[in-house]
Amino acid sequence: MPDSPSDVARRAMGAVEQGSRQKWIDLFAAGATLEDPVDGSPGLTGTDSIANFWDTSIAMFEAVRFDVRRIHEAPGEALVLADISIRTPGGESATYDAAIHYRLDESGDVSHLRAFWDLAKVMEQLSGS
């Protein structure tokens, strides 16, 4: 029996906090789609693209922390409302709120992840403006 959507979401966030690239990637189905942040673009599809996203986006941070405020769950889906804190190796930091939607396939793997947050505001914080 696969884990609940909430459990998968928590494992995904935990892998990011721990810097566990492979643990995070292994949570995704082979043909999964990632939209982070959701901005009208079609997103990334496939674990190779998702691995590249880790290497070019998540890996740039020295620390990432998810303070989960609430998780709403439905069969095969979880919507996480969280405050996220990030810090670069140079000491720049940002804090922002996000709504992250995880959709799972019948095997319990993430088939679609959509993260809603304001990229412009985060970049402004990181640049010190």
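Partners of Q22 under the side chain to side chain donor-acceptor pair (under 3.5 Å) rule, at least two apart in sequence or in another chain, are D26. Under the salt bridge (charged side-chain N to carboxylate O under 4.0 Å, His left out) criterion, R11 pairs with D3, not counting sequence neighbours. With sequence neighbours left out, S111 forms a side chain to side chain donor-acceptor pair (under 3.5 Å) with no residue at all. Under the side chain to side chain contact (heavy atoms under 4.5 Å, CB included) criterion, S107 pairs with D105, D109, not counting sequence neighbours. Applying the salt bridge (charged side-chain N to carboxylate O under 4.0 Å, His left out) criterion to R70, with sequence neighbours excluded, gives no partner residue. Partners of S49 under the side chain to side chain donor-acceptor pair (under 3.5 Å) rule, at least two apart in sequence or in another chain, do not exist in this structure. With sequence neighbours left out, N52 forms a side chain to side chain donor-acceptor pair (under 3.5 Å) with no residue at all. Judged as a ring pair (Phe, Tyr, Trp, His ring centres under 6.0 Å), and not counting sequence neighbours, the contacts of F28 are W24. Taking D67 as the reference, R65, D83 meet the side chain to side chain contact (heavy atoms under 4.5 Å, CB included) condition, with sequence neighbours excluded. Partners of E62 by salt bridge (charged side-chain N to carboxylate O under 4.0 Å, His left out), not counting sequence neighbours, listed by chain and number: R87.
The distance from atom NZ of K121 to atom CG of L126, rounded to the nearest 0.5 Å, is 14.5 Å. One distance of note links OH of Y102 with CG of L27; it measures 8.5 Å at 0.5 Å rounding. Of the inter-residue distances, the one linking L34 atom CG with S57 atom OG reads 8.5 Å to the nearest 0.5 angstrom. Taking CD1 of I25 as the start and OG of S20 as the end, the distance is 10.5 Å to the nearest 0.5 Å. To the nearest 0.5 angstrom, T33 atom OG1 is 9.0 Å from R103 atom CZ. With rounding to the nearest 0.5 angstrom, the CD1 atom of I50 is 8.0 Å from the CG atom of L113.
Hydrophobic clustering (ILVMFWY, side-chain heavy atoms < 4.5 Å, transitive): M123 and V38 are in distinct clusters. Using a 4.5 Å cut-off between side-chain heavy atoms of Ile, Leu, Val, Met, Phe, Trp and Tyr, with links allowed through other members, L81 and V64 fall into different hydrophobic clusters. Note: the hydrophobic cluster containing F53 also contains I84 (ILVMFWY, side chain heavy atoms under 4.5 Å, direct or indirect links). No continuous path of ILVMFWY side-chain contacts below 4.5 Å connects L79 to M13, so the two sit in separate hydrophobic clusters.
Shortest non-hydrogen contact noted between L119 and P37 is CB-CG, 4.1 Å. When all heavy atoms are compared, the tightest approach of E73 to P5 is OE2-CD, 3.2 Å. Nearest heavy-atom pair across A9 and A78 is CB-CB, 4.4 Å. Taking both residues in full, the closest heavy atoms of S6 and I71 are given as OG-CG2, 3.3 Å, listed atom of the first, atom of the second, then distance. Residue W54 comes nearest to A15 through the heavy atom pair CH2-O, 3.9 Å, listed as atom of the first residue, atom of the second, then distance. Shortest non-hydrogen contact noted between G108 and V8 is O-CG2, 3.8 Å.
Residue-environment remark: CZ (R21) exceeds the threshold of 12 foreign heavy atoms within 6.0 Å.
A distance-only check finds a donor-acceptor pair linking the side chain of S127 to the backbone of E124 [under 3.5 Å]. Under a 3.5 Å cut-off, the side chain of S4 and the backbone N or O of D7 do form a donor-acceptor pair.
Screening residues 91-101 for side chain to side chain donor-acceptor pair (under 3.5 Å), with sequence neighbours left out, gives E77-H101, T88-E92. For residues 35-52, the salt bridge (Lys or Arg N to Asp or Glu O under 4.0 Å) pairs, not counting sequence neighbours, are E35-R114.
With I100 as reference, F66 is the one residue of F116, W117, F66 to meet the side chain to side chain contact (heavy atoms under 4.5 Å, CB included) rule.
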